[in-house]
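See below for the structure under consideration.
Chain letters run A, B, ... following the sequence lines, proteins first, then strands; residues in each count from 1. For clarity, every value in this text was computed on a predicted model and none was experimentally measured.
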2 protein chains.
Amino acid sequence: MIGEKIKKLLIEDEKTLVKPADQVAVVGVKNRLNHALLLLTTDKYAVVPVLDDQSKMQGLISMPTIMQAIMDIEDVRFEKLAEIEVEEVMDTNYPYVYEDFELEDVLNKLVHHAFITVVDIQGYFKGIITRSEILKGTNRIAHEFERKYSVTEKATVIQ
Amino acid sequence: MIGEKIKKLLIEDEKTLVKPADQVAVVGVKNRLNHALLLLTTDKYAVVPVLDDQSKMQGLISMPTIMQAIMDIEDVRFEKLAEIEVEEVMDTNYPYVYEDFELEDVLNKLVHHAFITVVDIQGYFKGIITRSEILKGTNRIAHEFERKYSVTEKATVIQ
């Protein structure tokens, strides 16, 4: 359970907590790795969601994953970039929450992941929640909480 | 100013807040881009610090930066990976704090950067502070603060 007053300040701006799907760079499952690499390079993202042709969430693709896919023991085989499809190498073990997520769940997952995918019950990609948004809330709490509220230690129960 | 009780819970484990230099993957200014690319691929980091031969902090290098350095209008010139030195293309405009940092400064910088470099007054690289560590603190505050403290709204001053 998350404290109510903390929660209020943490996600003061609830509307901006989820970055909506139409503002997130994505690639398609059938795209080749050279397309994904170009997108990641141009937009300077470390990792982006992979969607199928119905805009359902399927996985994540990152630059290290792409590079590993084209490396063999001897060398980097750059010509393979135009051959391999994103769905062949994407990471399908991605963190996600549904639209009616509990903030508690999001906070736990963001300790280990740079962003969390939001999907609806049918798996359609709805957006992402980033560490940056939660850190804005942490800043608000750090600066405003004890100015706004009187805080006193609760009495310890002696047994 | 950060509230004292919030701060205490946010960085409860002050010793683990800074990941020490010897546990951080880095590259040297004179390394070629192929070396940096291999390290980023193997360790799955998005970006790593660049140090000179005295272990002084000089910049950051990321996969998008490397890829941009070897792309021209027509094509990706992979043979250039073995020619270009990291210091020619690294990002020298990196966020950093000194060892006696204010947490306030760290929190502000982490909204915009995945990690903050810690250097001493001579510029020697001492470690990094990651978003993940601060998010562990945010989790502690969310779960424990209102269980530990009585919180009441302060009276508003009517003018």
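The distance from atom CD of Glu144(A) to atom CD1 of Ile6(B), rounded to the nearest 0.5 Å, is 11.0 Å. Expressed to the nearest 0.5 Å, how far NZ of Lys148(B) lies from NZ of Lys154(A) amounts to 12.0 Å. The structure places CZ of Arg131(A) at 7.0 Å from OG1 of Thr130(B), a figure rounded to the nearest 0.5 Å. Here CG of Leu135(B) is found 6.0 Å from CG of Leu110(A). Values are rounded to the nearest 0.5 Å. Between Ile2(A) atom CD1 and Asn139(B) atom CG the span is 7.5 Å, to the nearest 0.5 Å. Atoms CD1 and CG, from Ile141(B) and Leu10(A) in turn, are 9.0 Å apart once rounded to the nearest 0.5 Å.
Using cut-offs of 30° and 60° on the angle between ring planes, the pair Phe145(B) and Phe145(A) is perpendicular.
In this structure Thr65(A) satisfies the side chain to side chain donor-acceptor pair (under 3.5 Å) test together with Ser62(A), sequence neighbours excluded. Every residue was checked against the side chain to side chain donor-acceptor pair (under 3.5 Å) condition with Thr117(B), not counting sequence neighbours, and none meets it.
Contact count versus chain A (heavy atoms, under 4.5 Å) is highest, among Arg147(B), Met67(B), Glu146(B), for Glu146(B). Note on Lys7(A), Glu104(A), His113(A): by heavy-atom pairs under 4.5 Å with chain B, the leading option is Glu104(A). The candidate from Lys5(B), His112(B), Met71(B), Lys44(B) with the greatest count of non-hydrogen atom pairs under 4.5 Å with chain A is Lys5(B). Of the listed residues Ile66(B), Asn34(B), Leu37(B), Leu38(B), the one with more heavy-atom pairs under 4.5 angstrom with chain A than any other is Leu37(B). Of the listed residues (Ile134(A), Val47(A), Asn108(A)), the one with the most heavy-atom contacts under 4.5 Å to chain B is Asn108(A). For the set Ser132(A), Gly137(A), Ala114(A), Ala46(A), the entry with the most heavy-atom pairs within less than 4.5 Å of chain B is Ser132(A).
If you measure heavy-atom distances from Leu107(A) to chain B, the contacts under 4.5 Å come from both the backbone and the side chain. Contact annotation for Asp43(A): neither backbone nor side-chain heavy atoms come within less than 4.5 Å of a heavy atom of chain B. Within the 4.5 angstrom heavy-atom criterion, no atom of Leu103(A) approaches chain B. Using a 4.5 Å cut-off between heavy atoms, Leu81(A) touches chain B through its side chain atoms alone.
Heavy-atom contacts from other residues, nucleotides or ligands closer than 6.0 Å to CD of Glu99(B) number more than 12. Summarising the local packing, CD of Glu102(B) is surrounded by 12 or fewer heavy atoms from other residues, nucleotides or ligands at distances under 6.0 Å. Open room surrounds OH on Tyr96(A); 12 or fewer heavy atoms of other groups in view lie less than 6.0 Å from it.
Note on Val106(B): it clusters hydrophobically with Val118(B), by side-chain heavy-atom contacts below 4.5 Å among ILVMFWY residues. One hydrophobic cluster holds both Ile70(B) and Leu39(A) under the rule that ILVMFWY side chains link at heavy-atom gaps under 4.5 Å. Linking ILVMFWY residues whenever their side-chain heavy atoms come closer than 4.5 Å, directly or via other members, places Ile116(A) and Leu17(A) in the same cluster. Ile84(B) and Phe78(A) end up in the same hydrophobic cluster when Ile, Leu, Val, Met, Phe, Trp and Tyr side chains are linked at under 4.5 Å. Val89(A) and Met57(A) fall into different hydrophobic clusters, where Ile, Leu, Val, Met, Phe, Trp and Tyr side chains are chained together by heavy-atom contacts under 4.5 Å.
For Tyr149(A) and Tyr149(B), the ring centers are positioned 6.0 Å apart or more.
Looking at every heavy atom in both residues, Leu40(A) comes nearest to Pro64(B) through O-CG, 3.9 Å.
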